[in-house]
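Below: the structure, in structure tokens.
Just so we're on the same page: letters track the sequence lines, and every chain starts at 1.
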Number of protein chains: 2
Amino acid sequence: MHEKMGGVECCETTEVHENLLHIVEETMPEETELYDLAELFKVFGDSTRIRILFVLFEAEVCVFDLAEALHMTQSAISHQLRILKQNRLIKGRREGKHIFYSLADDHVRSIIAQGREHIEED
Amino acid sequence: MHEKMGGVECCETTEVHENLLHIVEETMPEETELYDLAELFKVFGDSTRIRILFVLFEAEVCVFDLAEALHMTQSAISHQLRILKQNRLIKGRREGKHIFYSLADDHVRSIIAQGREHIEED
DNA sequence: CAAACATATGAATATTTGTTCATACGATAA
DNA sequence: TTATCGTATGAACAAATATTCATATGTTTG
């Protein structure tokens, strides 16, 4: 009887499968939200961007100073700022020739804080 | 006088730079922690792994059932489980031929929750 | 023991991604 | 306006990564 599932043999009963599939169907976010979530965390998944965020934790800083503080090219920083801005992690404010960047909201702080907590476990 | 900074001309005074560099030096985590942080978030930065985690939010599940629930190859799932396990986001428990996977701790839940909150802003 | 099942893993491939280089854009000052 | 400064951006290249395929490992059953 079990072999009639199309070769599927894993686990004891088919009930478990149906139950799981049902629960997954109910609680799994929509395809677009899953994609956006992954996209968001991808932004945090680069040490250069993380370092930029740590600087912006302390002050509102222009591109040039960010580049200097992190010992990186203005272009490299600018490219990363663009990604951070697109994902609404930071925002830019123009003041003459400068553009000063700062955190967009406090989720950035709490997400990174949670990450640090996880890492600092033994 | 400003030109003597080695061509550096940005921003009004050199004080700002020194101040920023000092603050950054004080508050920036160590190189290894920054790398580990980025590495952790990189793990969340893939929709397949996110989907696996959402399944494990609901139940302890074996590899085969995960593959079935997510309509993916056993091999693809296994590769991703390895990454999740290496970063201590999940843990495996052997029971006969099966290996049941579950969340390692609650940081996983809260990190993803924070991510969803950020996304669900207008 | 051999056979079957559940899972893991190495190699190969296609795609994604971060940095560099050159250049363009926008604002200000002369 | 022209020159200069601060920033943005497109193309190119190298490095990282997710999936597939084939195969190996480990466990149970006959």
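Residues from residues 71-79 of chain B placing a heavy atom under 4.0 Å of any atom in DNA chain C, listed by number, are B:Q74, B:S75, B:S78, B:H79.
When every heavy atom of B:M72 is checked against every heavy atom of B:R51, the shortest pair comes out as SD-NH1, 4.0 Å. Heavy atoms only, all atoms of each residue included: B:L81 and B:I52 are closest at CD2-CG2, 4.0 Å. The two residues A:L103 and A:K91 make their nearest non-hydrogen contact at O-CE, 3.6 Å.
B:D46 places a side-chain N or O within 3.5 Å of a backbone atom of B:T48 that can act as its donor or acceptor partner. A donor-acceptor pair under 3.5 Å links the side-chain atoms of A:R49 to the main chain of A:K42, judged by distance alone.
Side-chain proximity of B:Q80 to the nucleotides C:dA6, D:dT19, C:dT17 is greatest for D:dT19. Across C:dT7, C:dA27, C:dT19, the shortest atom-to-atom separation from the side chain of B:Y101 is found for C:dT7. Of all nucleotides listed (C:dT7, D:dA8, C:dT17), C:dT17 comes nearest to the side chain of A:K42.
Atom CG in B:L66 sits about 12 Å away from atom C1' in C:dT7, given to the nearest Å. Taking atom CD1 of A:I83 as the reference point, atom C1' of C:dT19 lies 11 Å away to the nearest angstrom. Rounded to an integer number of Å, the gap from CZ of A:F44 to P of C:dG18 is 14 Å. For the pair A:E95 CD and C:dT28 P, the interatomic distance rounds to 10 Å; values are reported in whole Å. The nearest whole Å value for the distance from the CG atom in B:L81 to the P atom in C:dA8 is 7 Å. Atom CD1 in B:I99 sits about 10 Å away from atom C1' in D:dT25, given to the nearest Å. The CZ-C1' distance, from A:F100 to D:dC5, rounds to 13 Å in whole Å. Atom-to-atom, NZ of B:K97 to P of C:dA6 comes out at 6 Å; the value is rounded to the nearest Å.
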_Would A:Q114 and B:S110 count as a side chain to side chain donor-acceptor pair (under 3.5 Å) here? Give the steps._
CA-CA 7 Å; A:Q114 296 277 356; B:S110 48; 3.0 Å; yes
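Nearest-nucleotide mapping onto DNA chain C: of A:E39 and B:V63, the residue sitting toward the 5' end is B:V63.
In this model, the phosphate group of D:dA18 is approached by a side-chain N or O of B:R49 to a distance below 4.0 Å at OP1 or OP2.
Between A:E121 and B:R88 there is no salt bridge, since no side-chain N of the basic residue sits under 4.0 Å from a carboxylate O of the acidic one.
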